[in-house]
Amino acid sequence: MIIAIDGPAASGKGTIARRLAAHFDLPHLDTGMLYRATALALMDEGGPLDDVERAVAAARGLALVDFDETRLRGREMGEAASVVAAMGPVRAALVDMQRRFTLHPRGAVLDGRDIGTVIAPEADVKIFVTASPETRAQRRALELKGRGEAVDYAAVLADIRKRDERDSHRSSAPLKAAADARILDTTDLDIDGAVKAALAIVEKAGG
Ligand code: DC
């Protein structure tokens with residue numbers, strides 16, 4: 001069974017994907033980490049983020065990168081990832097790795113922006129997780145604070161809006177719900193409620 005979870009930043013898709021993977025004992029790939037790691041490799045080289053050739057080389061060399069999870073999950077890297085993810089050649093360099101992940105004999109759970117539309121259009125279940133920008137900014141601010149980053153709610157909300165705009169309007173694989181995705185709005189749900197609703201969608205689809 002392949003489960004595709006897409007949605008904007010801090011919608012809850014990552015936690016939902018992780019919990020569904022644990023529930024169904026499936027491997028899970030957080031595809032945002034690939035774009036974050038590409039951006040981090042570029043920044044560590046000291047190059048500009050908009051150098052497409054170097055960004056593609058960084059994406060191709062990802063297996064060699066020692067992931068530093070704390071830096072990858074930081075606020076700065078989310079924004080940088082959104083910039084490199086808008087480049088078609090960078091996305092193309094990361095497709096095979098993501099496609100291979102879907103070929104696990106039991107299936108897989110992948111979360112990102114284009115899983116149901118581009119990476120796994122054949123997925124058995126597609127869920128598009130969303131929530132209001134204000135709710136997502138509150139969640140992201142709490143998460144960053146919990147990891148010791150100094151945060152200002154207004155700045156986080158501005159980041160979220162900017163990223164939504166860039167991720168949704170880029171020409172290559174923009175963030176959008178697949179025509180056959182179920183929309184899950186988590187604005188008024190806590191995480192347990194959101195996971196329960198996602199589980200119900202998967203079970204209804206025959207999972
Ligand atoms: O899900 P995230 O916040 O870790 O993603 C970081 C950025 O990476 C996001 O703003 C857009 C990009 N991304 C993408 O374009 N496609 C994906 N499948 C996953 C992430």
Side-chain angles (χ1 to χ4, degrees), residues 3-21 28-39 49 72-88 90-91 94 98 109-121 123 125-147 149 151-195 197-198 201-202:
I3 304 178
I5 315 274
D6 289 301
S11 55
K13 67 183 187 313
T15 309
I16 289 174
R18 254 194 321 279
R19 300 261 290 259
L20 288 181
H28 166 227
L29 181 63
D30 170 354
T31 64
M33 290 300 262
L34 304 177
Y35 295 94
R36 286 171 182 258
T38 299
L49 280 176
L72 282 180
R73 295 225 179 261
R75 182 179 151 205
E76 182 193 29
M77 219 49 68
E79 173 61 20
S82 168
V83 172
V84 299
M87 300 173 192
V90 169
R91 306 196 71 80
L94 294 171
Q98 297 174 77
V109 181
L110 290 88
D111 72 271
R113 303 289 189 289
D114 62 341
I115 308 304
T117 50
V118 175
I119 301 298
V125 190
K126 299 179 186 179
I127 306 178
F128 190 86
V129 185
T130 187
S132 71
E134 293 76 13
T135 302
R136 290 187 283 124
Q138 266 160 14
R139 290 177 187 160
R140 182 49 53 88
L142 267 179
E143 181 203 327
L144 293 171
K145 208 166 153 197
R147 284 195 288 106
E149 261 193 67
V151 283
D152 165 40
Y153 169 77
V156 175
L157 178 59
D159 272 5
I160 292 249
R161 290 193 194 280
K162 192 161 143 205
R163 265 219 278 161
D164 282 358
E165 174 70 21
R166 190 187 297 111
D167 294 347
S168 308
H169 293 101
R170 66 187 178 213
S171 57
S172 183
L175 167 69
K176 67 165 189 250
D180 52 351
R182 282 286 307 273
I183 310 290
L184 175 54
D185 188 332
T186 65
T187 304
D188 297 319
L189 297 174
D190 62 10
I191 191 60
D192 284 337
V195 171
I201 292 172
V202 178

Q: Taking only residues two or more places apart in sequence or in another chain, which ones pass side-chain contact (heavy atoms from CB on, under 4.5 Å) with D152?
A: A154, A155
Q: Let me confirm one number: the CZ-CZ distance from R140 to R163, rounded to the nearest 0.5 Å.
A: 5.5 Å
Q: Carefully, step by step, assess V118 and R91 under the rule side-chain contact (heavy atoms from CB on, under 4.5 Å).
A: CA-CA 10 Å; V118 175; R91 306 196 71 80; over 6 Å; no
Q: Keeping R136 on the side-chain end and A9 on the backbone end, is there a donor-acceptor pair under 3.5 Å?
A: yes
Q: What closest approach, in Å, do R113 and G7 show between heavy atoms, and which atom pair accounts for it?
A: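 Heavy-atom minimum between the residues: CD-O, 3.3 Å.
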Q: Any chance you could measure D111, atom CG, to I3, atom CD1, to the nearest 0.5 Å?
A: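 One finds 11.5 Å between CG of D111 and CD1 of I3.
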Q: Taking all non-hydrogen atoms of both residues, which atom of G112 and which atom of T31 are closest, and how far apart?
A: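 G112 and T31 have their closest heavy atoms at CA-OG1, 3.3 Å.
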Q: Show the atom names and distances, to 0.1 Å, of all donor-acceptor pairs under 3.5 Å that link a side chain in residues 127-134 to residues at least two apart or in another chain.
A:
unit_1: S132; atom_1: OG; unit_2: T135; atom_2: N; d: 3.1
unit_1: S132; atom_1: OG; unit_2: T135; atom_2: OG1; d: 2.8
unit_1: E134; atom_1: OE2; unit_2: R161; atom_2: NH2; d: 2.9

Q: Would you say D190 has more than 12 foreign heavy atoms packed within less than 6.0 Å of its CG?
A: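 More than 12 heavy atoms, drawn from other residues, nucleotides or ligands, come within 6.0 Å of this atom.
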Q: Roughly how far, to the nearest 0.5 Å, is the CG atom of L144 from the OH atom of Y153?
A: 13.5 Å
Q: So, taking the atom named OG1 in T38 and the one named CG in L94, what distance separates them when rounded to the nearest 0.5 Å?
A: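 Those atoms lie 5.0 Å apart.
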Q: Any heavy-atom pair between the side chains of L20 and V202 that's under 4.5 Å?
A: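 V202 reaches L20 side chain to side chain.
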Q: Can you find a pair of side-chain heavy atoms, one from L189 and one from L184, that are under 4.5 Å apart?
A: yes
Q: Output the distance between atom CD1 (I5) and atom CZ (R182), rounded to the nearest 0.5 Å.
A: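 It is 12.0 Å, given to the nearest 0.5 Å.
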Q: Using a distance-only test with no angle check, is there a side-chain donor-acceptor pair under 3.5 angstrom linking R139 and T186?
A: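 There is such a pair (donor and acceptor under 3.5 Å, judged by atom type) between the side chains of R139 and T186.
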Q: Is it true that a side-chain atom of K126 and a backbone atom of I115 form a donor plus acceptor pair closer than 3.5 Å?
A: no
Q: Which pair of heavy atoms, one from A141 and one from V156, lies closest together, and at what distance?
A: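 For A141 versus V156, the nearest heavy atoms are N-CG1, 4.1 Å.
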Q: Return all side-chain donor-acceptor pairs below 3.5 angstrom for residues 72-86, not counting sequence neighbours, or 'none' if the list is empty.
A:
unit_1: R73; atom_1: NE; unit_2: E69; atom_2: OE2; d: 2.9
unit_1: R73; atom_1: NH1; unit_2: D30; atom_2: OD2; d: 3.3
unit_1: R73; atom_1: NH2; unit_2: D30; atom_2: OD2; d: 3.3
unit_1: R73; atom_1: NH2; unit_2: E69; atom_2: OE2; d: 3.3
unit_1: R75; atom_1: NE; unit_2: D159; atom_2: OD2; d: 2.5
unit_1: E79; atom_1: OE2; unit_2: K162; atom_2: NZ; d: 3.4
unit_1: E79; atom_1: OE2; unit_2: R166; atom_2: NH1; d: 3.3
unit_1: E79; atom_1: OE2; unit_2: R166; atom_2: NH2; d: 2.7
unit_1: S82; atom_1: OG; unit_2: R166; atom_2: NH1; d: 2.8
unit_1: S82; atom_1: OG; unit_2: D167; atom_2: OD1; d: 2.9

Q: Give a yes or no on whether the backbone of S172 and the side-chain of R170 come within a donor-acceptor separation of less than 3.5 Å.
A: yes
Q: Looking only at atom types and distance, does a side-chain atom of D6 sit under 3.5 Å from a main-chain N or O of G116, one as donor and one as acceptor?
A: yes
